[in-house]
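Report on the structure given below.
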Number of protein chains: 2
Amino acid sequence: MNIGAAAKSSGVPAKTIRYYESIGLIAPAHRTESGYREFSQIEIDTLRFVQRARSLGFPVKGVALLLDLWRDRSRASSDVKAMAMEHIGDIDRKIAELQSMRDTLLHLSEQCHGDDRPDCPILEGIAG
Amino acid sequence: MNIGAAAKSSGVPAKTIRYYESIGLIAPAHRTESGYREFSQIEIDTLRFVQRARSLGFPVKGVALLLDLWRDRSRASSDVKAMAMEHIGDIDRKIAELQSMRDTLLHLSEQCHGDDRPDCPILEGIAG
DNA sequence: CTTGACCTTCCAGTTTGTGGAAGGTCCATA
DNA sequence: TATGGACCTTCCACAAACTGGAAGGTCAAG
């Protein structure tokens with residue numbers, strides 16, 4: 001399978017596959033005589049794993065760790081769970097921050113007429 | 001006021017003030033004979049505005065627009081409100097995405113023993 | 001043999017700063 | 001007056017995670 005087919009099959013864009021290879025997240029692909037990359041089913045599976053882990057918000061370095069655990073048949077599931085819980089904590093902090101922004105903005109917006117007049121509690125609120 | 005005092009007074013780090021100047025978000029500061037930047041109270045107020053708008057999650061380009069509206073005494077408050085509502089929409093989308101990640105991760109984590117055994121529904125879930 | 005869809009590498013840009021090096025300035029104290 | 005420490009200056013590099021585009025090679029069908 002060449003990179004275009006691998007991209008379609010894994011959900012990771014061709015450009016991104018090359019990028020992942022360049023940063024060492026995935027192993028360098030085998031090449032045909034003419035230099036085209038070739039991907040086996042195992043490599044497609046790996047790419048799909050990466051894609052899913054990324055879509056769960058794990059940073060690329062976290063995905064690298066997850067890949068190591070995934071391939072380590074003697075891993076302890078507690079190690080994986082610890083990573084997941086820590087990541088959930090990160091997500092919770094982000095949600096809380098966004099929620100706080102949202103609350104403030106909504107509060108300010110509710111006080112703003114939103115008409116042709118210049119009077120604007122939103123700007124006043126930001127100015128403090 | 002030199003840049004260090006401006007930083008303390010506005011909450012924007014000195015390095016970041018220089019950066020904002022370099023990208024044109026704020027006007028170039030006046031300089032003393034020896035080349036030090038000097039900030040007036042108005043500039044401190046502007047920096048504080050920028051700091052607050054950023055902390056509400058507005059991107060730098062959005063802050064630039066807000067600054068324009070802030071300084072435009074003939075603005076319509078509806079323009080400001082529209083920006084705020086759009087930004088709230090962005091935030092809502094981010095929150096929803098994070099919430100979805102969180103739900104999936106928590107669901108997988110709940111199925112994982114988290115002990116010494118290698119069996120791990122989290123990795124299985126990511127692998128698909 | 002040509003054409004179009006692939007593939008290759010490499011460089012640049014995105015966003016929002018942060019860290020650090022090399023060197024000039026200012027003020028207080030010895 | 002000299003000197004030391006805390007400022008300030010510019011400039012370059014790095015962070016995360018890609019994405020776009022240019023220039024050029026390859027493959028398969030008609």
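Please read these numbers as outputs of a predicted model, since none were measured by experiment. So you know, we letter chains A, B, ... as the sequences are listed, proteins then strands, and number each from 1.
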Can you give me every donor-acceptor pair (side chain of residues 3-17 of chain B, partner residue at least two apart or in another chain, under 3.5 Å) with its distance?
from     : atom 1 : to       : atom 2 : distance (Å)
Ser9(B)  : OG     : Arg48(B) : NH2    : 3.3
Ser10(B) : OG     : Ala6(B)  : O      : 2.8
Ser10(B) : OG     : Val12(B) : N      : 3.1

**Report entry** Length of the line joining Asp90(B):CG and dT15(C):P, which is rounded to integer Å
**Finding:** 14 Å
Query raised in the report: What do the steps show when you test Ser40(B) against Glu43(B) for side chain to side chain donor-acceptor pair (under 3.5 Å), and what is the final call?
Result: CA-CA 5 Å; Ser40(B) 67; Glu43(B) 290 161 326; 3.3 Å; yes
Report task. Provide, to the nearest angstrom, the distance between the CD1 atom belonging to Ile17(B) and the P atom belonging to dT16(C). Result -> 18 Å
Query raised in the report: Nearest heavy-atom pair of Cys120(B) and Arg75(A): which atoms, and what distance?
Result: CB-NE, 4.4 Å
Query - Polar side-chain atom of Arg102(B) near backbone of Ile88(A) as donor-acceptor pair, under 3.5 Å - result: no
Report summary line: So CG of Asn2(B) and CD of Glu38(B): to nearest 0.5 Å the spacing works out to 8.5 Å
Report task. Please confirm whether the backbone N or O of Gly62(B) pairs with a side-chain atom of His87(B), one donor and one acceptor, at under 3.5 Å? Result -> no
Query raised in the report: Checking Glu86(B) side chain against Met83(B) main chain: does a donor-acceptor pair fall under 3.5 Å?
Result: no
Query raised in the report: Within this structure, what is the CG-to-P distance between Leu25(B) and dT16(C), rounded to whole angstrom?
Result: 10 Å
Report summary line: d(Phe58(A) CZ, Leu67(A) CG) to nearest 0.5 Å is 11.5 Å
Requested in this report: List in numerical order all residues of residues 51-64 of chain B for which some heavy atom is under 4.0 Å away from an atom belonging to DNA chain D.
Outcome: none
Query - Length of the line joining Lys94(A):NZ and dA16(D):P, which is rounded to integer Å - result: 13 Å
Query raised in the report: How would nucleotides 3-9 of chain C be written as a contact map, 5' to 3', with B for base contact, S for sugar-phosphate-only contact and - for no contact, using protein heavy atoms under 4.0 Å?
Result: ---BSBB
Query - Whole-Å gap separating P (dC26(C)) and CD (Glu38(B)) - result: 11 Å
**Report entry** Rounded distance (Å) that lies between atom C1' of dA13(D) and atom OH of Tyr19(B)
**Finding:** 15 Å
